[in-house]
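Atom set for the values below is all heavy atoms of this structure, side chains included, hydrogens, waters and symmetry mates excluded. Residue numbering restarts at 1 for every chain, and letters A, B, ... go by the order of the sequence lines.
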Number of protein chains: 2
Amino acid sequence: MDIGQRLKQIRTERGLSQRELATRAGLTNGTISLIETDKTSPSVASLKSLLDAIPISMAEFFGAIEEQDIPKFIYRADEFIQLTQDGPGQVSLRQLGNARKHTLQVLHETYPAGADTGPEFLAHEGEEAGIITRGQIELTVGDTIGLLNCGDGYLFDSRLPHRFRNIGTEPCEIVSALTPPVF
Amino acid sequence: MDIGQRLKQIRTERGLSQRELATRAGLTNGTISLIETDKTSPSVASLKSLLDAIPISMAEFFGAIEEQDIPKFIYRADEFIQLTQDGPGQVSLRQLGNARKHTLQVLHETYPAGADTGPEFLAHEGEEAGIITRGQIELTVGDTIGLLNCGDGYLFDSRLPHRFRNIGTEPCEIVSALTPPVF
DNA sequence: CCAGATTGACAATTAAATTAAACACGGCAC
DNA sequence: GTGCCGTGTTTAATTTAATTGTCAATCTGG
């Protein structure tokens, strides 16, 4: 989402210079330059001042951005959404993209040594699958128990009760997929 | 426009605590507390992180705010939009509200000593009127010239060529109205 | 009732946005 | 050419936002 490009677009569309818009909005030209070149992320208050001076509403401004938004295919590691509280000894679930817009939910899971999804078994609609990318983990599905090593994978109907336990000494990382998404 | 209230609304609607939303968005609970109590104006980047984690789009977020926006009646002095470059010896035009939404445009004008709208006369559609609140100014409309003192006013058809000159020694302030708005 | 956990708010530090002033580039008159 | 605007960018200093750690208040289960 390129705030800078969009601001520059509507500013130049209306024939305003950075300096002119700046004085109208009560900011400085330098600030607008930094925003338009994406060297800073303006505060909502600053952006509102700018849009009021143009004038254009926040909804219009972002509406146009999000319409023109090219469907996003690539997500950087730091763009994942953390679904769990993080802390030592905690299971970490990091979601790829905004699953509500899709029928497929992919997670990057980390189970510290000793971690356990709990004795109360999980069960929900859909299917899930994954591949272990680091360490090893014990998976119980129904009354089947298996120890999965790095490179191994799993695939099962999520309605079957299941449980993950890292019984090893190093953290276990899994890339998993669920459909439909669960929250 | 109350960002804090709106954020709290949708957050609690979805049963999220400040801490839970914070970890999902990669921010801290303190930040959310400050935003929701309007003690800070978040950066666009921070707000986007929060809305992605909820999830809700920027356009939806602001759309709802601006719809529910009570028509605004009162404008603080620092909310006026500066229509002119400011500087010593410059005429200052400060607009009340967003004139594009209305048929009436009210300006707070300041003419420094010696200021002049220029020998090339102004002319545009509509009517304009004003009252001098400080100092004095010479007004030319068509071939009529008058010296207006503090408390005096004017009202004329804007299609007549007109010119303002502060021929006094102190700045002149005028509150003026135009209809329809001009830019 | 108490212990432990969860909530939102606060104060002090750290990180980031904003300012103010300078810089560099490109027209354009002279 | 030189000087002068007007443009957008960059830099160091300042102001503001964000983090961190803590607090009191509110639940919850034993």
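The nearest whole Å value for the distance from the CG atom in B:Leu21 to the P atom in C:dT6 is 17 Å. Rounded to whole Å, the distance from CG on A:Leu27 to P on D:dT16 is 12 Å. The distance from atom CZ of B:Arg11 to atom C1' of C:dA9 is 12 Å, rounded to the nearest whole Å. Rounding to whole angstrom units, CG of residue B:Leu7 and P of C:dG8 are separated by 11 Å. For the pair B:Glu20 CD and C:dT6 C1', the interatomic distance rounds to 11 Å; values are reported in whole Å.
B:Gln5 and B:Glu36 form no side-chain donor-acceptor contact under 3.5 Å, judged by distance and modelled atom types alone. If you check the side chains of A:Glu109 and A:Ser176, you find a donor sitting under 3.5 Å from an acceptor. Using modelled atom types and a 3.5 Å distance limit, the side chains of A:Ser49 and A:Ser46 yield no donor-acceptor pair.
At least one side-chain heavy atom of A:Arg24 sits under 4.5 Å from a side-chain heavy atom of A:Leu16. Side-chain contact between A:Leu50 and A:Phe61: absent, with no pair of heavy atoms (C-beta onward) separated by less than 4.5 Å.
Considering only side-chain atoms of A:Thr28, the nucleotide from C:dA20, D:dT7, D:dT9 that sits closest is C:dA20.
The base of D:dG6 lies outside donor-acceptor range of the side chain of A:Arg19, with no N or O pair under 3.5 Å.
Within residues 29-52 of chain B, the residues approached by DNA chain C to less than 4.0 Å at the level of any non-hydrogen atom are B:Asn29, B:Gly30, B:Ser33, B:Thr37, B:Lys39, in residue-number order.
An OP1 or OP2 oxygen of D:dT9 is reached within less than 4.0 angstrom by a side-chain nitrogen or oxygen of A:Gln18.
Using a 4.0 Å cut-off between charged side-chain N and carboxylate O, B:Arg6 and B:Asp2 make no salt bridge.
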